[in-house]
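In the text below, chain A, chain B and the rest are named by the order of the sequence lines, each starting its count at 1. All heavy atoms count here, side chains included; hydrogens, waters and symmetry mates do not.
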Amino acid sequence: MLKLHNTLTGRKDDFIPLDPDRITLYVCGPTVYNYVHIGNARPVVVFDVLYRLLRRLYPQVVYARNITDIDDKIIKAAADNGEEISALTARFTTAFEEDMGRLNALPPTVVPKATDHIGDMLTMIETLIAKGHAYQADGHVLFAVESMPDYGKLSGRNLEDMLAGARVEVADYKRHPGDFVLWKPSSDDQPGWESPWGRGRPGWHIECSAMIHKHLGDVIDIHGGGQDLIFPHHENEIAQGCCAHGTDYVRYWMHNGYINIDGEKMSKSLGNFRLVRELLKEYPGEVLRFALLSSHYRSPLNFSAEVLDQAGKSLDGLYYALLGRGEQVEPDAGYRLPEDHPVLLALRDDLNTAEAISALHAVAAKLNKAELPEKPAIKAELLAGAELLGLLESDPVAWFQNQGSADDGLANDEIDALVAERTAAKKARDFARADQIRDQLKDAGIQLEDTREGTRWSRD
RNA sequence: GGCGCGGUGGCAGAGUGGUUAUGCAGCGGACUGCAACUCCGUGUACGCCGGUUCGAUUCCGACCCGCGCCUCCA
């Protein structure tokens, strides 16, 4: 049994798929007007683990993650750059995919783009108007929140509460202050598409509902995203999806917590963000991924150099286990993690990645202690458990030798030559010379280890 | 004002009504020419105050503190 925390119920619920032969998962992807920050990467990595887990548990998983490539922030960024919108969005879409690849995130099954689905959105808006859930006003089409009796059920608020705390100026063409835009007019210098209501562009929420309907179905199993999307984005998606099709929309809503900097939410508007692209210059992608998975996905994660350094060291420990003590061990082929394996049990409990990592450490310790004949099976177990988390995907030797290689000034063959010289000195029992070489390498950031099978080295 | 989340050992971070999280760092030991790696051992942890209980960090209530959403935001 898989248990998932459902925002709709506020509880950890048993996951019962609509169709066990076809699981549907949708995650809100980026608006492509900039490089993404590490906070944007959290849902990608978290739901990548969910995707990996679902694939292990069910025969087919359809996973869609959208690209929002039409939006007022995009229009502004393109204008500021003097760049075509399509060129800007293509550039940042590629950058996003590269960055997420470095974090070992698998590509989703479907990556729908908003601008490829304008027709689907128009159809859905027309349906909403026909059913009396939307109306035209001042060139806009708006969703009428009062037409939906249980509007607000995801975020746990009602229309009166929202009025009391309203911090927004309300456009005078709205029937109710909570009404939200499905379609809005474009001026001549703004991108637009012809529609029954004139040339315009879609509101923010409609794309996800339209693309879910097209690619996944009327009702899907799981929809994920950051906590900041609960209101208004996901609340409004529910309104659109339920009212247009007269069905439920999403069975399990999952929301990840924020990444904090100095105890405050990291966000583009606060300006305290760290770009994934910049972080990747200092840390391997897998270290960033490990850090993101080191705490539970719903908890806030305070991001700092200390957290990343600890993640790196902890990951080193797992890679050391794979590396072994100089012996050659091939993992058993065809190994499959048993149903009741601690890693699988941890992940099935609402993606308890911290506990899963702990279980991985236990396997690593077992591997370190094992006799040679036992090692292939345990090594396969470690790799299989790590694969569910998207970890330990590098070659262990490369893992230790490629870190920081840009700035230590020593090429791999120079290091190999010095190591060989030290080995010769050791054989001649010239330990003074051997230690001198080791100190020299240490100053250059190279650590040596003597194993039964010879000396090996790694970069800090 | 409305709604919601959290406070765990030096740090990060799970979890549980009674017995070990785990990792990193530290300390002692084994191994090693010396190291490193590894192994073994090692920590008076659960915001404050009441309540329930044979027993609470874990359940209930109040309080203090921090954070988030209610506006674009993962």
What does [X] touch in the nucleic acid at a heavy-atom separation under 4.0 angstrom: a base, only the sugar-phosphate, or nothing?
X        : value
A/Arg422 : base
A/Gly257 : base
A/Asn256 : base
A/Leu229 : sugar-phosphate
A/Asp71  : nothing
A/Phe431 : base
A/Pro30  : nothing
A/Ser269 : base
A/Gly156 : sugar-phosphate

ask   = Does the side chain of A/Asn302 come under 3.5 Å of the side chain of A/Ser304 through a donor N or O and an acceptor N or O?
value = no

Within this structure, what is the [atom1]-to-[atom2] distance between [X] and [N], rounded to whole angstrom?
X        : N     : atom1 : atom2 : result
A/Arg433 : B/G33 : CZ    : C1'   : 17 Å
A/Leu322 : B/U38 : CG    : P     : 13 Å
A/Leu391 : B/G23 : CG    : P     : 16 Å
A/Lys76  : B/C72 : NZ    : C1'   : 13 Å
A/His234 : B/G68 : NE2   : P     : 20 Å
A/Ile259 : B/G68 : CD1   : P     : 15 Å
A/Gln447 : B/C34 : CD    : P     : 19 Å
A/Leu315 : B/G23 : CG    : P     : 14 Å

Determine: side-chain N/O of [X] to OP1/OP2 of [N], distance under 4.0 Å, yes or no.
X        : N     : result
A/Ser299 : B/A14 : yes
A/Lys369 : B/C40 : yes
A/Lys426 : B/U32 : no
A/Asn352 : B/A14 : no
A/Lys268 : B/A74 : yes

ask   = Could you state the interatomic distance from CD (A/Gln227) to OG (A/Ser155), rounded to the nearest 0.5 Å?
value = 13.0 Å

ask   = Atom CD1 in A/Ile38, atom CZ in A/Arg277: separation rounded to 0.5 Å?
value = 13.0 Å

Out of [options], which has the shortest distance to the side chain of [X]?
X        : options             : answer
A/Asn368 : B/G23, B/C34, B/U38 : B/U38
A/Ser295 : B/G68, B/G13, B/C70 : B/G13
A/Arg157 : B/G2, B/C24, B/A74  : B/G2
A/Lys265 : B/G68, B/U38, B/G13 : B/G68
A/His361 : B/A74, B/U22, B/C69 : B/U22
A/Leu301 : B/G13, B/A35, B/C39 : B/G13
A/Asp435 : B/G33, B/A74, B/U22 : B/G33
A/His296 : B/G23, B/A14, B/C72 : B/A14
A/Glu264 : B/C37, B/G68, B/C72 : B/G68
A/Glu449 : B/A14, B/C39, B/C37 : B/C37

Quick one: the side chain of [X] and the base of [N], do they pair up donor-acceptor inside 3.5 Å?
X        : N     : answer
A/Arg438 : B/A35 : yes
A/Arg298 : B/C5  : no
A/Gln310 : B/C11 : yes
A/Asn158 : B/G2  : no

Whole-Å [atom1] distance, [N] and [M]:
N     : M     : atom1 : result
B/U57 : B/U19 : C1'   : 15 Å
B/C49 : B/C63 : C1'   : 7 Å
B/G50 : B/C11 : C1'   : 32 Å
B/U16 : B/G10 : P     : 23 Å

Base partner of [N], which must satisfy Watson-Crick or wobble distances under 3.5 Å:
N     : value
B/U16 : none
B/A56 : none
B/G4  : B/C67
B/G26 : B/U42
B/C34 : none

key: Residue met sooner reading RNA chain B from 5', once A/Ala365 and A/Ser314 are mapped to nucleotides   = A/Ser314

query = Between A/Gly324 and A/Glu355, who's closer to the 5' end of RNA chain B by nearest nucleotide?
reply = A/Glu355

ask   = Quick check, are the ring centers of A/His215 and A/His117 under 6.0 angstrom apart?
value = yes

inquiry  = Tell me whether A/Glu387 at atom CD has more than 12 heavy atoms from other residues, nucleotides or ligands lying less than 6.0 Å away.
reply    = no

ask   = More than 12 heavy atoms of other residues, nucleotides or ligands under 6.0 Å from NZ of A/Lys268: is that the case?
value = yes

ask   = Hey, are A/Arg289 and A/Glu393 close enough for a salt bridge, meaning a charged N less than 4.0 Å from a carboxylate O?
value = no

message = Is the terminal nitrogen or CZ of A/Arg157 (NZ for Lys, CZ for Arg) located under 6.0 angstrom from the six-membered ring centre of A/Phe231 and within 45° of that ring's axis?
response = yes

ask   = Which ring pair (Phe, Tyr, Trp, His ring centres under 6.0 Å) pairs, counting each pair once, include a residue from residues 89-113 of chain A, with sequence neighbours left out?
value = A/Tyr35-A/Phe92

message = Under the rule for side chain to side chain contact (heavy atoms under 4.5 Å, CB included), what residues qualify as partners of A/Pro331, not counting sequence neighbours?
response = A/Lys379, A/Ala380, A/Leu383

